[in-house]
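What follows is a single structure, written as structure tokens, with notes after it.
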Amino acid sequence: MDYRGYWLEEKGGCLSVKNIRDFNLTHIFECGQCFRWIRLQDGSYQGVVRGKSARVSQEGDVLYIENSCIQDFIDIWFDYFDLGTDYSGIKSALEKDPIMREAIETGYGIRILRQDFWEMLISFIISANNMIPRIMKTVESLSMLKGERIGAEGQHYGFPGMEALAAATLEELQQCKAGFRCKYILGTSRLMQDGKITAEGLGGMDTDGARKALMTLPGVGPKVADCILLFSGVKFDVFPTDVWVKRVMEELYFKREAGLKEIQQLADSNFGGLKGYAQQYLFYHARLNRIGMS
DNA sequence: AAACAGGGGTTAA
DNA sequence: TTAACCCCTGTT
């Protein structure tokens, strides 16, 4: 059947989605936005989304989702993979700049996943002063520790809810190897229980107000706040600047060392409201080509 | 084999 | 503005 320009078929418990454009699973899963998708030997990816485990793969303009059905596509995948957004338009708006043009060529299939706000909040607290393989291990063990068993054989775990983490002890959380970040996870979980900070609430504020509100939570500084806003789809006019983005901006735009403030200003004047997307293309480009190293 | 360097945001001083 | 925080990986 046709659903908003995509052709859907169910075959033997596998859903195929035809006519995907501006879409590459490697670009999407390796651009630093998510921590729960693992690349398997055959190039497919295994992950957990909204309390369900899934395996996805891609051949050209067809996306395959195992153990999924048309209703799941309508309920989950269309939104999760941001399939209602025209990335060709975003890319051509950004491509006026020759440096961005090259970054987009590298990561042409990037999409910003619409991930769960709570999961992003905790995941990016864990990401501070940390590297991706370790963040993935910590998120996984936190899920095994406090999340619910899911999957056909119960071999996977959903991301733990706010109540489960708020009720944990510091000693319990230390098992997931988050180190000094454990006290931030616990502190933020307990503060969040009053329900004063929500994705909807932040979405209604201006971007700077939303960032400041998030920064009242322990373990959330400016970079982590911007990641949370961007990767949960609350705000797209943020430019999370980690070491890789700093390096790529210095190497390609400034041709010198640059401070965080001037990087933010340049991103704003060059990319405007699309700077969140620009950051993703630049991050992927920088990491893949090790820009700014050596 | 054991010791050490490197990586990486936020917080508190 | 700068040191301390924690743990894993890679190198000596």
Side-chain angles (χ1 to χ4, degrees), chain A residues 30-39 115 117-146 165 168-192 197 202 207-232 234-235 238-251 256-267 275-276 279-280 282-294:
Chain A
E30 317 270 347
C31 66
Q33 62 177 322
C34 56
F35 304 111
R36 293 216 77 187
W37 288 97
I38 297 165
R39 193 187 180 93
Q115 301 182 82
F117 173 72
W118 166 250
E119 182 172 339
M120 292 303 98
L121 173 54
I122 300 301
S123 296
F124 280 94
I125 286 174
I126 293 166
S127 82
N129 202 243
N130 210 343
M131 42 194 103
I132 291 171
R134 250 186 69 199
I135 301 164
M136 292 177 75
K137 275 184 199 155
T138 296
V139 171
E140 185 64 24
S141 55
L142 192 61
S143 300
M144 289 174 75
L145 192 70
K146 289 287 164 185
L165 292 188
T169 64
L170 193 56
E171 290 69 30
E172 270 183 301
L173 293 185
Q174 313 275 13
Q175 294 173 46
C176 68
K177 316 270 186 204
F180 62 85
R181 305 164 196 86
C182 289
K183 60 181 182 289
Y184 301 146
I185 297 172
L186 196 56
T188 286
S189 298
R190 293 185 175 165
L191 277 174
M192 283 290 288
I197 298 179
L202 295 171
T207 300
D208 208 52
R211 182 188 291 113
K212 287 206 170 83
L214 277 174
M215 284 172 61
T216 62
L217 297 166
V220 182
K223 188 272 181 183
V224 168
D226 286 351
C227 285
I228 295 163
L229 291 171
L230 183 57
F231 301 133
S232 56
V234 174
K235 296 287 179 188
V238 291
F239 195 75
T241 307
D242 68 347
V243 287
W244 287 96
V245 174
K246 185 166 185 290
R247 275 180 205 144
V248 72
M249 293 299 282
E250 288 174 337
E251 174 109 359
R256 60 169 172 83
E257 296 208 340
L260 288 176
K261 213 167 186 175
E262 49 184 345
I263 290 173
Q264 292 291 318
Q265 284 166 356
L266 187 84
K275 57 181 178 282
Q279 188 269 6
Q280 288 288 273
L282 288 169
F283 178 90
Y284 186 76
H285 183 55
R287 280 183 62 105
L288 196 74
N289 299 308
R290 307 189 66 73
I291 287 172
M293 304 290 290
S294 78

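Just so we're on the same page: letters track the sequence lines, and every chain starts at 1. Hydrogens, waters and symmetry mates are skipped; everything else that's a heavy atom, side chains included, is used.
Contacts of A/Leu217 with the nucleic acid, taken as non-hydrogen atoms under 4.0 Å apart, involve only primed sugar atoms and P, OP1 or OP2. When heavy atoms are screened at a 4.0 angstrom cut-off, A/Arg247 is found touching the sugar-phosphate backbone but no base atom. At a threshold of 4.0 angstrom between heavy atoms, the contacts of A/Pro218 are confined to the sugar-phosphate backbone, with no base atom among them.
Summary of the strand contacts: A/Lys137 and A/Phe180 both lie near DNA chain C, and taking for each the nucleotide with the nearest heavy atom, the more 5' one is attributed to A/Phe180.
Whole-Å rounding puts the A/Met131 CE to C/dC6 P distance at 16 Å. Here C/dT2 presents its C1' atom at 14 Å from CG of A/Asn129, a figure rounded to the nearest Å. Rounded to whole Å, the distance from CD on A/Gln175 to P on C/dC6 is 17 Å. What separates NZ of A/Lys246 from C1' of B/dT10 is a distance of 16 Å, to the nearest Å. Rounded to an integer number of Å, the gap from CZ of A/Arg181 to P of B/dT10 is 11 Å. Regarding A/Asn130, its CG atom lies at a distance of 15 Å from the P atom of B/dG7, rounded to whole Å. Here B/dT10 presents its P atom at 11 Å from CG of A/Leu214, a figure rounded to the nearest Å. The distance between atom CG of A/Leu260 and atom C1' of C/dT1, rounded to the nearest whole Å, is 13 Å.
Residue A/Trp244 places at least one side-chain N or O closer than 4.0 Å to OP1 or OP2 of B/dG8.
A salt bridge links A/Arg36 to A/Glu140: at least one charged side-chain nitrogen sits closer than 4.0 Å to a carboxylate oxygen. A salt bridge links A/Lys146 to A/Glu172: at least one charged side-chain nitrogen sits closer than 4.0 Å to a carboxylate oxygen.
Within 6.0 Å of NZ in A/Lys183 there are more than 12 heavy atoms belonging to other residues, nucleotides or ligands.
Not a single donor-acceptor pair, N or O on each side, falls under 3.5 Å between the base of C/dC8 and the side chain of A/Arg134.
A/Gln175 and A/Ser141 share no donor-acceptor pair across their side chains, judged by distance under 3.5 Å alone.
Taking the six-membered ring wherever Trp is involved, the centroid distance between the rings of A/Phe35 and A/Phe124 falls below 6.0 Å.
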